[in-house]
Amino acid sequence: MLTNNPNSLHTLEPCAEDMQLLIQKTSDLLVNYFSNISNEPASNITNPEFHLAAIGQPISEKGIKLEEALSLIDQHIVRCSVNTAGGTYQAYIPGGGVFAAAVGEFIAAATNRYVGVWGVAPAAVEIETSVIRWLCNEVGYKEKAKGILTSGGSLANFSAIVTARETLLPKNFLSGIIYTSDQVHASVYKAARLTGFSYDNIRAIETDEEFRIKPKALLEAIEKDKKQGLIPFLIVGSAGTTNTGAVDPISELADIAKANKMWLHIDAAYGGFFILTERGRKLFEGIEKADSITLDPHKGLFLPYGTGCLLVSDGARLKQAHQVGADYLQDLTFSEDRINFNDYSPELTRSFRGLRVWLPLKLYGIESFRKYLDEKLDLALWACKELKKIPGIEIIAKPQLSVIAFRYKSKKLNETNKKFLENILATQKTFISSTTINNELILRIAILCFRTHLREVQATIDAIKIAVDQLIENPI
Ligand SMILES: Cc1ncc(COP(=O)(O)O)c(C=O)c1O
């Protein structure tokens with residue numbers, strides 16, 4: 001059917017009035033939810049089958065009414081999940097979802113600007129460039145540094161390993177060895193695998209009593225591999241491990257990398273944004289000597305999921321590792337100071353992530369984020385102090401940043417702590433998670449959501465006290 005009247009095709013293009021209605025009704029739903037978010041349960045997924053059945057209804061030929069669609073979203077998704085946007089979410093690594101970022105994302109999605117190449121939307125690309133420039137300044141990188149916004153920390157770690165591999169290893173790279181602590185995030189293993197290495201190419205170096213890599217053990221492992229004709233090429237340090245928030249000795253790692261002509265990558269996906277605080281800056285001393293750094297704005301900048309970042313000290317390396325030209329893009333090459341992000345990233349067509357980072361920073365200024373992050377460090381210290389007061393609790397890792405690892409002392413450690421966690425979650429006052437260290441189940445509180453304040457951490461401590469009482473009443 002040929003037409004100049006799109007309305008005759010139906011409704012993909014709403015009129016101005018319908019557009020307003022879509023926005024108004026969506027905004028009503030969100031404002032209603034967020035006005036009362038502090039009273040929402042920490043998690044509400046007691047009857048998943050009911051929600052799956054409602055959401056899983058087949059998509060119809062004719063479509064449904066907006067009210068009906070919004071009601072499905074509200075009832076079955078917004079209200080019935082682990083509340084990862086709420087302050088009581090203190091599991092894994094929280095994020096948040098600053099509302100202004102969602103507005104930025106809405107504009108980006110609606111206007112559908114193309115940020116793979118500079119010439120198609122120069123100012124939109126400049127927004128991402130300026131965010132990257134700000135981040136490079138914060139970590140102490142110089143002019144030639146470059147970076148990309150990614151979908152998250154995993155993809156940033158992936159591109160970092162690709163860049164290190166392309167920079168330092170021959171075409172047949174399977175003699176290359178990667179060194180990291182036994183506490184590194186699993187995404188480093190996944191990235192190594194996706195970039196063509198096997199787990200045999202990775203050395204998990206032991207850690208000290210505070211879960212930081214032991215530099216002496218690292219040096220010994222490097223020497224041993226060299227003697228066997230292997231090529232040590234990459235050290236991955238952590239600026240905040242997921243398990244306990246441990247920060248590796250970054251400056252020492254940088255010296256070892258330099259002495260052995262290796263690449264140093266710092267996975268700062270969890271901890272990185274604490275560099276905005278004085279305490280974080282001290283802990284991350286030497287980070288500017290790293291060849292590359294993963295940051296995750298969807299964690300420490302409290303932005304919506306889908307916002308990661310990789311910075312590379314020598315930006316040309318990032319480009320060399322990722323650039324693949326194409327004849328049909330020949331109109332879109334520009335001078336060197338105009339960045340085509342697709343040359344630096346695995347993606348060609350890319351989400352306009354810059355706007356969701358830039359808008360909240362512009363609106364609230366860096367100081368707001370700094371204050372919120374400082375508050376998280378204080379809250380973690382406070383939680384640790386309160387935990388120590390509870391009889392039976394043992395602190396496994398005191399906070400280096402904003403994670404506290406602990407457990408309930410018992411002869412049957414794993415069974416008891418599994419039950420302990422179940423009891424805590426059953427209160428619905430908080431949502432925390434567990435991990436395993438040296439085959440022992442450990443509980444952890446991770447404080448990073450911008451909506452987590454004293455009230456929400458107090459709720460966690462209250463839930464832990466209730467759960468301890470239950471363990472005393474019904475021991476395992
Ligand atoms: C230290 C660390 N590195 C990497 C990642 C992976 O990041 P993402 O989940 O954004 O892919 C995480 C996620 O929690 C993390 O904590």
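Ligands are counted one by one from 1 in listed order, and the atoms in each one are counted from 1 as well. Just so we're clear, the structure is a prediction, and the values are computed from it rather than from any experiment.
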Is it the case that [X] and [Y] place a side-chain donor and acceptor less than 3.5 Å from each other?
X: His265; Y: Asn157; answer: yes
X: Ser238; Y: Asp267; answer: no
X: Glu285; Y: Ser251; answer: no
X: Trp263; Y: Thr167; answer: no

Under 4.0 Å to a heavy atom of [X] - the qualifying atoms of ligand 1, by number:
X: His298; result: 10 (O)
X: Asp296; result: 7 (O), 8 (P), 10 (O)
X: Gly240; result: 1 (C)

To check your reading of the model: name the closest protein heavy atom to [atom], its residue, and the distance in Å.
atom: atom 16 (O) of ligand 1; value: Thr242 OG1, 2.8 Å
atom: atom 9 (O) of ligand 1; value: Lys299 NZ, 3.5 Å
atom: atom 15 (C) of ligand 1; value: His185 CD2, 3.3 Å
atom: atom 3 (N) of ligand 1; value: Asp267 OD2, 2.6 Å

* Asked: Going through the checks in order, is the side-chain hydrogen bond (donor to acceptor under 3.5 Å, both in side chains) test met by Asp343 and His322?
  -> CA-CA 6 Å; Asp343 288 338; His322 289 83; over 6 Å; no
* Should the ring pair Phe369 and Tyr364 be called parallel, tilted or perpendicular, given that the plane angle runs from 0 to 90° and is split at 30 and 60? -> tilted
* Asked: Considering distance alone, does some N or O of Gly153 sit under 3.5 Å from an N or O of ligand 1?
  -> yes
* Could you walk me through whether Phe233 and Phe197 pass the ring pair (Phe, Tyr, Trp, His ring centres under 6.0 Å) test, one step at a time? => CA-CA 12 Å; Phe233 81 104; Phe197 295 98; 5.5 Å; yes
* Asked: Short question: side chain of Gln90, backbone of Ala446 - any donor-acceptor pair under 3.5 Å?
  -> no
* **Within-shell test, Ala268 vs ligand 1, heavy atom, strictly < 4.0 Å** => no
* Asked: Does at least one non-hydrogen atom of Ser187 fall below 4.0 angstrom from an atom of ligand 1?
  -> yes
* To do: Under 4.0 Å, heavy atoms only, figure out whether ligand 1 is touched by the backbone of Ser154, its side chain, both or neither.
  => both
